[in-house]
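Before any comments, here is the structure.
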Amino acid sequence: MSSSFTVENAVDPLQPTPVPVEPVSKPIPLPVPNSTQSFWLDPEANPLAKAGSTGPLTSDVDICIIGSGITGVSAAYHLTRLLAERGAVSEVPNAQPLKIVILEARDFCSGATGRNGGHLTPVYFQFFTEYVAAHGTEDAVRAIALEQYVASSIVDLLHSTGQADAVDLVAGGRVYLLVSEDQEARAKADYEAAKAAGVDVSAVRFLGKEEVLETYGAPYPALWTPGHNLWPLKVVTHLYNLARQTASDSATSSLALHTNTPVTSITPIVSSSHSPATAFPRQWTLSTPRGAIAASYILHATNAYASYLLPHLHGPTGIIPTRGQVLAVRTDMSTKAAFADYDGSEYGFPRPVQPQDGSQPLVIVGGARQSAGPGYEMYEADDSGMNPRVSEALHALLPKFFPERCNASTSPDDVREWSGIMGFTDEYDVFVGPVIDPSQPEAHKGQYICAGYSGHGMTRAYGCAEAIAQKMVADLTAKEWDVPEWLPRHHITDRRKSSN
Ligand SMILES: Cc1cc2nc3c(=O)[nH]c(=O)nc-3n(C[C@H](O)[C@H](O)[C@H](O)COP(=O)(O)OP(=O)(O)OC[C@H]3O[C@@H](n4cnc5c(N)ncnc54)[C@H](O)[C@@H]3O)c2cc1C
C-alpha cells in the first residue's frame, strides 16, 4: 500500500490501509453488556430489542448467522429471497425448508449499526488513485460500483415498500469540505483519475469557497455528491421483517432470532450423524449461555468482534476492533446536506425531523478519532466508555467547520454522546467468503464470514451480504458461485493479499 496512507485520517472507504500503531495481544472480548446509549437505540425505535431472548432456544438449524447488524440481517434477507426464488434447495434429496437462525449477543442491532453516524453515502471517486495503486483499476472501479449498487438498492427498497419516511430517509447529498490545499489537490486528482477510468462522475459538483460560504456557512471550497441519511436501526428492522415475510410466504425457509444470546464457542461435531430428515449434515455446535445449537453452516457477521470466535483473525492482518464516537447536539443548521472533510475523518448531518417544541434541530456529528492520541482507539472493543479527547474535538467540530452558522452547545441537556466499535482491516476492505485459517485451511469447513468494513459499512454491507448469501446457496446446491460483477475481487477471502 502507498506510504501516504496514514492511520490518523483513515476513516473513509477508499482510503488507505490503517496500520495499527502497535499490535495488541489482549484477546477481543464479547460485546460488553453496559454499552453507552446511542440515540438510534431508543427503546421505542427497537421493537425487536429483546426478541427471542427468553423461552425455548432453537437447537437445530441449517444456517446460523451470528450478529444482528446490517450484515447479518441483510444476509438473512438475501438468503430467504434466494431460496424462495430457486424453490429452496429442491435439487438436494430430502430437502426441507431451510432453518435459519440469527443469534445476537446483546439487544437487536446494538453493535456498530445501531451506533453509527447515520450516513448512506456512496463514494463516487474519492481516493481512487490510492485504491488503484493498492488493488488495480478494475477493483477500484468495482469498489465504487459496490457502493453505488448498495446505496441505490436500499433507497429503492425503502421507497418501493413505503418506508422512506418511517426511517427518516433524506436525500440531501454530502458536502465534502476541502479544508487544506492538499485535500483540494487530492480530490481533483482522484476525480480526474476516476473519470479517465470510465467512472460516471457526472453527479459530482465542485463548489467555490464563496458559494460554500454563502450556502453552507463554511469558509472552504468543497465538492458535493449525492447521498442519503437515515435511521440505520429502523432500516435493519425493516429488512428483518421482510425476510420473515419471505420465509413464511415461500415456505422454502424459516427464520428465527435470538437476542441476548452470545455465541461463546464453536466446536466441530465429530460424527456426521445427521438425522435422515435433514439434507445437510450438522457440522458445528455453537455454545451459548442458554444452551447449544447444532448447525450445518455458519455465517460470522460479527464485524469488530470476529476474532473472539475466530482467533486467527486477531491482529494486524485480521479484523481490528476500533472505537468510534458520535455526538448528537442541538444547534441551528439551515441546510439538509450532510458534511465531512475530504478524508472523512470528521462528518455530520442535521436530523430531518424538526422539533415541535421550538428547540433547535439535532445535528449528529462523528469521527475525530485522530484526536485520540497514540493508538487511535484501535484494539479498543469496549463501547461502554469514550475517549475524552475525541469528545472534546467533536464538541468543537461544528463551530470549526461552520463558524458563521453554529455555536457549540452549552447545555448538557442538549447533548448525547456514545461510542461504537468498528472493524478495521489492513486492506481497509471487507472479508467476504469462506473462513480460511492459513495454518489449518480445512478447519472451518462450512463457516463463512462477511466483516471488516473499516468504518464504512452502510454502503457495503448489504451488497457483501448478498454476495455471501449467493456463495452459501451455491455451495448448498453444489453449484459454482457466480461472483457479482460489482464485488471487488480482493474482498474475497481466498484472494486477499494478506495471509488471513
Ligand atoms: C461510531 C461509528 C460511526 C460510523 N459511521 C458510519 C457512517 O456514517 N456510515 C457508514 O457507512 N458506516 C459507518 N460506520 C460503520 C458501520 O456502522 C459498520 O460498518 C456497519 O454497521 C457494520 O455492520 P455489521 O452488521 O457488520 O456489524 P455490527 O453492526 O457491529 O453487528 C455485529 C453484531 O454481532 C454481534 N456479535 C458479536 N459477537 C457476537 C457473538 N459471539 N455472539 C453473538 N453476537 C455477536 C454484536 O453484538 C453486533 O450486534 C460507523 C461505525 C461506528 C462504530
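Counting starts at 1 for both ligands and their atoms, in listed order. The residues of the chain are indexed from 1 along the displayed sequence.
Residue contacts with ligand 1 for V326 involve side-chain atoms from C-beta outward but no N, CA, C or O (heavy atoms, distance under 4.0 Å). The proximity of A461 to ligand 1, defined as any non-hydrogen pair under 4.0 Å, does not occur for either the backbone or the side chain. Under 4.0 Å from ligand 1, not a single heavy atom of P232 appears. Under 4.0 Å from ligand 1, the heavy atoms of R115 that appear belong solely to its backbone. Residue L309 touches ligand 1 through its side chain alone, judged by heavy-atom distances below 4.0 Å.
Each of V430, V435, I449, V432 was evaluated against T493; a single residue qualifies, I449, per the side chain to side chain contact (heavy atoms under 4.5 Å, CB included) test.
Ligand-side atoms of ligand 1 in range of I66: 40 (C), 42 (N), 43 (C), 44 (N), range being under 4.0 angstrom from any heavy atom. Of all atoms in ligand 1, numbered sequentially from 1 with element shown, those under 4.0 Å from a heavy atom of L30 are 40 (C), 41 (N).
For atom 11 (O) of ligand 1, the choice among M458, E147, H258, R106 with the nearest heavy atom turns out to be M458. Comparing A151, G117, G69 by heavy-atom distance to atom 31 (O) of ligand 1, the nearest is G69. Checking E104, M422, H456 against atom 52 (C) of ligand 1, the nearest heavy atom belongs to M422.
Considering CG of D343 and CD of Q183, their distance stands at 4.5 Å, rounded to 0.5 Å.
When only interatomic distances are considered, the shortest N/O to N/O separation between G457 and ligand 1 falls below 3.5 Å.
Scanning the protein heavy atoms around atom 41 (N) of ligand 1, the nearest turns out to be V263 O, 3.0 Å.
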